[in-house]
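Down below is the structure, laid out as structure tokens.
All values derive from a computational prediction rather than experimental measurement. Quick note: numbers below take in every heavy atom, side chains included, and nothing from hydrogens, waters or symmetry partners. One-based numbering, in listed order, for ligands and for the atoms of each.
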Amino acid sequence: MEEIIQLKDVSQHFKMGDSIVRALSHINLDIYAKELTALVGPSGSGKSTLLNVVGGLTKPTEGEVFIYNTNVTHYTEDQMCFFRRDHIGFIFQSFNLNSTLTALENVTMPLIFSRIPNKDREKMASEALDLVGLKDRKDHKPGQLSGGQQQRVSVARAIVNKPKIILCDEPTGNLDSKTGKEILELIKEMNRIHQITFIIVTHDSNVANQCQRRIWIQDGKICKDERN
Ligand SMILES: Nc1ncnc2c1ncn2[C@@H]1O[C@H](COP(=O)(O)OP(=O)(O)OP(=O)(O)O)[C@@H](O)[C@H]1O
């Protein structure tokens, strides 16, 4: 199995006034390409912090992060932005869509940042929306879509640049169980057909159990690592 992400002795501390919150402590972790990996654990255990460190949204206090064997730990913010743009997609619990833009325009946003020529953007965004089953909703704004449809738009936005890694923070957390299952099926399809590596932070044991690998975090440490 090919390691696509490696964390070497990663710790993350936050200073809060006079005290220090040790969100992650000495994490060593390899994430394998094309796998669905779930990060599970109690609230406050460090799951989102770990995801943010992998995505370069938070710089670790100690340790190193390798993605595609590239040490990205000391990348500047700009370098990390470009790296993320080309390699990493994100899906959030609260969708994080721009409410003033249509579904198509939301999905087009990463392509503008990637300097994809104007003439190609709409076609690519439109194809991504087709893939997530929103052929008929391209001109709708987020407020005119159901929660599940909004999350489909964020899946389309995450895949439109064809990244090989997608990081999901509670992707089904704001959805009822039926819609959550549909979004999970979509994620599994993207994993299977497009060979995308997913890391999914989840509280939902149904989501975790359908991932090939489950990593339990407690008090900022990995306490169990299990695969099917
Ligand atoms: N920016 C920050 N500043 C200070 N403390 C932080 C910051 N981000 C996270 N923490 C703290 O780090 C710890 C881990 O937080 P994190 O959000 O990673 O947990 P989590 O497992 O994702 O929790 P949840 O399941 O509730 O989302 C918590 O104690 C949290 O309060």
Consider every N or O of V21 and every N or O of ligand 1, then say whether any pair is closer than 3.5 Å. no
Heavy atoms of the protein only: does one fall short of 4.0 Å from atom 28 (C) of ligand 1? yes
Per-residue contact class, T49 against ligand 1 - non-hydrogen pairs under 4.0 Å: both
If I apply the N/O under 3.5 Å rule, does G44 come out as touching ligand 1? yes
Would you call the rings of Y75 and F83 parallel, tilted or perpendicular if under 30° counts as parallel and over 60° as perpendicular? perpendicular
Out of N206, D204, T179, which one pairs with T172 under the side chain to side chain contact (heavy atoms under 4.5 Å, CB included) rule? D204
Regarding atom 19 (O) of ligand 1: of the candidates G46, G173, G220, which has the closest heavy atom? G46
Give me the ring orientation class for F92 and F90: parallel if the planes are under 30° apart, tilted from 30 to 60°, perpendicular past 60°. parallel
State, without any angle test, whether N71 and E64 hold a side-chain donor-acceptor pair at a distance under 3.5 Å. yes
Provide, to 0.1 Å, the distance between atom 25 (O) of ligand 1 and the closest protein heavy atom, together with that atom's residue and name. K47 NZ, 2.8 Å
So, for atom 31 (O) of ligand 1, does the protein have a heavy atom nearer than 4.0 Å? no
Taking atom types as modelled and ignoring hydrogens, do the side chains of N228 and R214 form a donor-acceptor contact shorter than 3.5 angstrom? yes
Shortest protein heavy-atom distance from atom 26 (O) of ligand 1, along with the residue and atom involved: S43 OG, 2.6 Å
Would you mind telling me if ligand 1 is within reach of the side chain of M16, the backbone, both or neither, using heavy atoms under 4.0 Å? side chain
So which heavy atom in the protein is nearest atom 1 (N) of ligand 1, and how far is it from that ligand atom? F14 CE2, 3.6 Å
How long is the straight-line distance from NZ of K141 back to CG of L97, given to the nearest 0.5 Å? 13.0 Å
Tell me the protein heavy atom at minimum distance from atom 17 (O) of ligand 1, and give that distance in Å. S48 CB, 3.8 Å
Is E2 salt-bridged to K34, cutoff N-O under 4.0 Å? no
Mind listing the closest non-hydrogen atom pair of K47 and V40 along with its distance? CD-C, 3.5 Å
Under the side-chain hydrogen bond (donor to acceptor under 3.5 Å, both in side chains) criterion, do D169 and Q93 qualify, and how do the steps go? CA-CA 6 Å; D169 202 345; Q93 174 171 6; over 6 Å; no
Can a non-hydrogen atom of P42 be found less than 4.0 Å from any atom of ligand 1? yes
Under 4.0 Å from one or more heavy atoms of S45, ligand 1 contributes atoms 19 (O), 20 (P), 21 (O)
In sequence, state the C-alpha distance, the side-chain angles, and the governing distance for E185 and K181, and then conclude on salt bridge (Lys or Arg N to Asp or Glu O under 4.0 Å). CA-CA 6 Å; E185 284 308 314; K181 274 188 192 138; over 6 Å; no
Using a 4.0 Å cutoff against the non-hydrogen atoms of H203, which atoms of ligand 1 qualify? 25 (O)
Among all the protein's non-hydrogen atoms, which is closest to atom 12 (O) of ligand 1, and how far away is it? A23 CB, 3.4 Å
